[in-house]
Amino acid sequence: MLIYICDDSKSDCLRLMHHLSAYENEIGADFSTVAFSSGDEMFSYLKKHREIPDLFFLDIYMEGKDGMEVARELRRQQVTSGIIFTTSSTEHAMDSYEVHALYYLQKPFTHEHFLMAMQRCEALIQTAQKKLSVSVKGKELLIAFSDILYLETGRHTVIFHTRKETFSVPGSLSRFADAFADTKNFLSCGRSYLVNLDFVEGFLNQDLIMSDNSLIPVPIRKQSKTARIVEEYKNSLAKPTVTF
């Protein structure tokens, strides 16, 4: 599970990373954490690496863009990842609803309060921890569901497009149907594509626009239904719990 922390206080950032490390050990998860001291630094990194995290921790009071501005920009860019605000003030608590934040964590917080915030992320964590075992050139790879942008039918193969790489696996798309059957964020687009809705940025004519700028054609008969599903998924982001 990929987590970004954006906080201009080094001590607060280290404290949060300590809580995350303890929680990671408690639940047996696998977290990868990247920290930034400003929103501009984080957006520059996103633009360069195009790695959308599963969860953002955003401090509200920072130099330059504050955490609320950062969150609004993420939502404008159709980033649907979870957001948890960390701040020393309650001033923007109600504003957190606007960006569908999962939690509003007031500093200084205890590990108990931190756990309350992480409980709001249980579904997100479970999805991020799900992995698919595939054989690539004789080697078994475990691919996190949350790393998959989309699957595409190739010539007697299935092409996996992930955050970091693209590779082919022998077989047909139907071979993996059962593995994705109970995942609400994966959507079949005809017989040739299976897309992760977390990486869908919108529609362009009859195509889905993915976060890597790929265009996924949607069959004419499914366009209205697909558009509705995408919109409903984007609107299904959890509302925040504000606790002081």
Side-chain angles (χ1 to χ4, degrees), residues 1-4 20-21 23-25 27-35 42 45-56 77-82 121-204 206-219 222 226 229-230 233:
M1 179 175 178
L2 184 59
I3 299 173
Y4 283 2
L20 282 167
S21 179
Y23 183 67
E24 180 182 15
N25 292 329
I27 66 172
D30 182 16
F31 293 165
S32 178
T33 306
V34 185
M42 189 186 76
Y45 185 91
L46 277 168
K47 184 176 181 180
K48 180 179 179 180
H49 296 272
R50 301 195 66 81
E51 287 187 304
I52 306 297
D54 304 288
L55 179 63
F56 290 89
Q77 295 184 20
Q78 303 299 312
V79 174
T80 60
S81 308
C121 305
E122 284 183 352
L124 185 154
I125 293 171
Q126 288 174 5
T127 299
Q129 292 302 114
K130 290 189 69 173
K131 295 183 179 181
L132 182 69
S133 178
V134 296
S135 179
V136 181
K137 296 181 179 179
K139 294 181 63 177
E140 289 298 318
L141 296 180
L142 283 176
I143 310 299
F145 280 44
S146 59
D147 285 337
I148 299 172
L149 277 67
Y150 63 97
L151 273 59
E152 176 184 4
T153 298
R155 187 175 178 83
H156 306 300
T157 63
V158 176
I159 305 170
F160 280 70
H161 298 266
T162 73
R163 288 175 173 178
K164 294 184 178 181
E165 59 183 335
T166 299
F167 56 87
S168 298
V169 177
S172 64
L173 202 57
S174 60
R175 171 188 167 191
F176 300 99
D178 290 343
F180 293 93
D182 62 345
T183 56
K184 67 176 184 177
N185 56 319
F186 279 86
L187 175 67
S188 174
C189 287
R191 298 179 179 179
S192 300
Y193 296 92
L194 183 67
V195 303
N196 186 340
L197 291 173
D198 290 327
F199 295 101
V200 173
E201 296 192 350
F203 269 95
L204 179 63
Q206 290 80 39
D207 300 328
L208 287 177
I209 309 171
M210 305 302 293
S211 62
D212 65 347
N213 294 322
S214 297
L215 297 178
I216 307 298
V218 180
K222 290 191 173 183
T226 299
I229 291 173
V230 170
Y233 183 79

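If you're wondering where the values come from, they're calculated on a predicted model, not measured in any experiment.
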Does anything in residues 162-180 form a salt bridge (charged side-chain N to carboxylate O under 4.0 Å, His left out)? List the pairs, not counting sequence neighbours.
Glu51-Lys164, Asp54-Arg163, Asp147-Arg163

Any non-hydrogen side-chain atom of Leu151 less than 4.5 Å from a side-chain atom of Phe180?
yes

Taking every heavy atom of Gly190 against every heavy atom of Lys222, the minimum-distance pair comes out as N-NZ, 4.1 Å

Check Pro219 against Cys189 and note the closest heavy-atom contact, atom names and distance.
CD-C, 4.3 Å

With rounding to the nearest 0.5 angstrom, report the OH to OH distance, Tyr45 to Tyr4.
5.0 Å

Search all heavy atoms of Asp207 against all heavy atoms of Pro217 and return the closest pair with its distance.
OD1-CA, 3.2 Å

Test of ring centre spacing under 6.0 Å for Phe160 and Phe176:
yes

Starting at CZ of Phe203, measure out to CD1 of Ile209 and round the result to the nearest 0.5 Å.
9.5 Å

Any donor-acceptor pair under 3.5 Å from Thr153 side chain to Leu173 backbone
no

Intermediate values then yes/no, side chain to side chain contact (heavy atoms under 4.5 Å, CB included), Phe199 and Val195:
CA-CA 8 Å; Phe199 295 101; Val195 303; over 6 Å; no

Any Phe56 side-chain heavy atom under 4.5 Å of Val79 side chain
yes

Hey, mind stepping through Asp30 and Lys131 against side chain to side chain contact (heavy atoms under 4.5 Å, CB included) and telling me if it holds?
CA-CA 11 Å; Asp30 182 16; Lys131 295 183 179 181; 4.0 Å; yes

Rounding to 0.5 Å, atoms CG (Asn185) and OG1 (Thr80) come to a distance of 8.5 Å

Heavy atoms only: give me the nearest Lys184-Leu197 pair and the separation to one decimal.
O-CD1, 3.9 Å

Roughly how far apart are Leu194 CG and Ile216 CD1, rounded to 0.5 Å?
10.5 Å

pair Ile3-Glu24: side-chain heavy atoms closer than 4.5 Å:
no

May I ask you to test the Phe167-Thr162 pair for a side-chain heavy-atom distance under 4.5 Å?
yes

Does Met210 form a side chain to side chain contact (heavy atoms under 4.5 Å, CB included) with Leu215? I'd like the steps, not just the answer.
CA-CA 6 Å; Met210 305 302 293; Leu215 297 178; over 6 Å; no

Check whether any side-chain N or O of Asn196 sits under 3.5 Å from a backbone N or O of Ile148 as a donor-acceptor pair, and report yes or no.
yes

Can you label the angle between the His161 ring and the Tyr150 ring as parallel, tilted or perpendicular, going by 30° and 60°?
parallel

I need the minimum non-hydrogen distance between Ser135 and Pro170, along with the two atoms involved.
O-CD, 4.3 Å

What I'd like to find out is whether the side chain of Leu55 reaches to under 4.5 Å of the side chain of Cys121, using heavy atoms alone.
yes

What are the two closest non-hydrogen atoms of Ile52 and Ser81, and how far apart are they?
CG2-OG, 3.4 Å

